[in-house]
Number of protein chains: 2
Amino acid sequence: MPKTGMEPIRRQQLIHATMMSIDEVGLADTTVIRIARHAGVSAGIISHYFGGKDGLLEATMRQILSDLGEAVAARRRALPDSSPHAHIGAIIDGNFDHSQVSGPVAKTWLAFWASSMHKPQLQRLQQVNGRRLYSNLCSQFRRFMPREQARNAARGLAAMIDGLWLRGALTAEGLDAEHARCLAHTHLKQLLADHEPATAS
Amino acid sequence: MPKTGMEPIRRQQLIHATMMSIDEVGLADTTVIRIARHAGVSAGIISHYFGGKDGLLEATMRQILSDLGEAVAARRRALPDSSPHAHIGAIIDGNFDHSQVSGPVAKTWLAFWASSMHKPQLQRLQQVNGRRLYSNLCSQFRRFMPREQARNAARGLAAMIDGLWLRGALTAEGLDAEHARCLAHTHLKQLLADHEPATAS
DNA sequence: ATTCTTTTATTGAACGTTCAATCAATAAAA
DNA sequence: TTTTATTGATTGAACGTTCAATAAAAGAAT
């Protein structure tokens with residue numbers, strides 16, 4: 001049934017099928033045949049569109065990072081005000097966006113995280129993302145904190161966000177996004193309260 | 001050169017070699033031959049002592065978890081006082097013990113973390129450890145907080161500890177244990193200060 | 001409309017590689 | 001002589017990639 005213009009459709013199907021397979025059996029047991037069956041196509045098509053299995057895996061990670069970045073950016077565009085609190089809150093909420101915390105995405109994310117330790121191409125993508133989160137947080141904290149303290153606040157909050165993700169991906173019930181957001185926001189409020197004790201209500 | 005009593009020696013050598021291999025090339029590219037070469041023995045010996053590759057991997061994870069538990073327990077035995085602050089501080093310090101934060105151990109730990117999502121035997125070990133950290137923290141927080149608040153404090157601190165680990169394992173420079181400890185302790189002090197504002201100095 | 005040609009999309013068997021596990025053979029110690 | 005410890009070639013299974021073959025759509029021509 002080959003019509004023209006299949007390429008973007010197939011690419012999307014295969015990326016989605018990759019996440020499903022990683023969700024089901026993990027990255028280690030994800031074979032091209034299993035991905036192809038999930039997408040309802042043959043194994044050879046993967047090399048045709050992505051140059052090979054590695055190309056598909058990299059494209060899948062790119063998609064996840066791109067979606068995450070967009071979720072954060074969208075919330076920062078629609079802020080109620082431009083206070084540091086609002087910006088940091090938007091970054092937190094974006095990181096726990098619904099498109100990001102579903103089981104398949106979260107497990108795929110963690111699988112790539114581990115894998116990126118030894119695959120240079122994934123490592124680059126991973127570091128770009130990690131630094132983006134950190135520096136976004138840091139520049140907001142610096143609006144009302146001295147530099148070194150802002151750095152530490154950013155590092156601590158970034159670690160908490162990643163840690164909540166990590167723990168969420170491992171629990172059988174999946175990540176409770178509402179609860180995770182609540183914990184991160186509570187931590188943020190503490191940081192703010194400690195720094196403006198006189199400005200209460 | 002077979003003497004008697006080689007078993008405990010070989011088991012230790014092979015577990016150590018497993019961590020070295022995972023540090024070098026990752027869990028995915030860690031083969032029995034590579035592990036055996038690291039230990040200076042032949043590949044067949046792994047099946048002889050551990051029943052197969054999976055047995056060795058499980059034994060390696062058990063060793064890491066056991067070392068981590070002991071590092072925490074040792075510090076809790078030698079506390080200056082038995083205040084909640086001291087206990088929680090000891091749990092933090094134990095989790096950033098030098099035996100735990102070296103490159104090979106940290107990378108092996110993260111590799112198993114990801115792998116435990118789809119291997120039931122590793123998952124059990126992982127959950128026992130995660131719950132131990134959480135419930136240890138929780139029971140200390142409850143000594144000066146209402147139950148629900150203590151739970152949230154424990155979840156937040158546990159997430160931060162794991163997040164600092166995670167980010168440390170991924171950076172090329174490795175985990176800066178001193179700095180990570182400092183961030184976790186800062187967060188702890190905020191939790192304490194917020195809850196006893198009248199008892200200052 | 002119908003036929004022919006070209007282009008695009010897809011298949012799946014075959015190939016070469018890699019891996020974990022096995023086991024008969026070996027050698028040192030007891 | 002018996003027991004304990006170890007080797008490494010072999011085996012069979014599984015994997016990613018390749019490529020000749022196939023089929024449907026699109027375009028061209030009558």
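Throughout, a chain's letter reflects where its sequence line sits, starting with A, and its residues are numbered from 1.
- We find that CE of A/M6 is positioned 14 Å from C1' of D/dA26, with the value rounded to whole Å.
- Within the structure, side chain to side chain donor-acceptor pair (under 3.5 Å) pairs that include any residue of residues 40-52 of chain A do not occur (at least two apart or interchain).
- For A/H87, the side chain to side chain contact (heavy atoms under 4.5 Å, CB included) criterion is met by A/R76, A/L79, A/S82, A/Q140, A/R143, not counting sequence neighbours.
- Comparing C/dT10, C/dA30, D/dT6 against the side chain of B/T4 picks out C/dA30 as the nearest.
- In this view, A/E178 and A/R181 satisfy the salt bridge (charged side-chain N to carboxylate O under 4.0 Å, His left out) rule, not counting sequence neighbours.
- At the heavy-atom level, B/F50 lies nowhere under 4.0 Å from the strands shown.
- The salt bridge (charged side-chain N to carboxylate O under 4.0 Å, His left out) search around B/R77 returns B/E70, not counting sequence neighbours.
- The salt bridge (charged side-chain N to carboxylate O under 4.0 Å, His left out) search around B/K53 returns none, not counting sequence neighbours.
- Residues that satisfy the side-chain hydrogen bond (donor to acceptor under 3.5 Å, both in side chains) test with A/R132, not counting sequence neighbours, are A/N129.
- The CG atom of A/L56 sits 13 Å away from the C1' atom of D/dG16 (whole-angstrom rounding).
- Evaluation of the side chain to side chain contact (heavy atoms under 4.5 Å, CB included) rule for A/V25 yields A/S21, A/D29, A/T30, A/R34 as partners, not counting sequence neighbours.
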Parsed dot-bracket for DNA chain C after applying the Watson-Crick and G-U rules with both distances under 3.5 Å and | for other-strand partners is ||||||||||||||||||||||||||||||
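- Comparing D/dT6, C/dA9, C/dG12 by their closest approach to the side chain of A/Y49 singles out C/dA9.
- Put simply, NE2 on B/H48 is 15 Å from C1' on D/dG8, counting in whole angstrom units.
- In this view, B/A154 and B/Y134, B/L137, B/C138, B/F141 satisfy the side chain to side chain contact (heavy atoms under 4.5 Å, CB included) rule, not counting sequence neighbours.
- Considering only residues two or more places apart in sequence or on other chains, B/S66 meets the side chain to side chain contact (heavy atoms under 4.5 Å, CB included) condition with none of them.
- Contacts between residues 8-22 of chain A and DNA chain D, defined by a heavy-atom separation below 4.0 Å, involve no residue at all.
- At whole-Å resolution of the value, CZ in B/R37 and C1' in D/dG8 are 13 Å apart.
- No side-chain heavy atom of B/F50 sits under 4.5 Å from any side-chain heavy atom of B/L57.
- We find that CD of B/E7 is positioned 15 Å from C1' of D/dT3, with the value rounded to whole Å.
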Between the protein and nucleotides 18-21 of chain C, which nitrogen or oxygen pairs are less than 3.5 angstrom apart?
from	atom 1	to	atom 2	distance (Å)
C/dA20	OP1	B/K53	NZ	2.6
C/dA20	OP2	B/V32	N	3.0
C/dA21	OP2	B/K53	N	2.9

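- Residues B/E24 and B/H38 have side chains that bring a donor and an acceptor to within less than 3.5 angstrom of each other.
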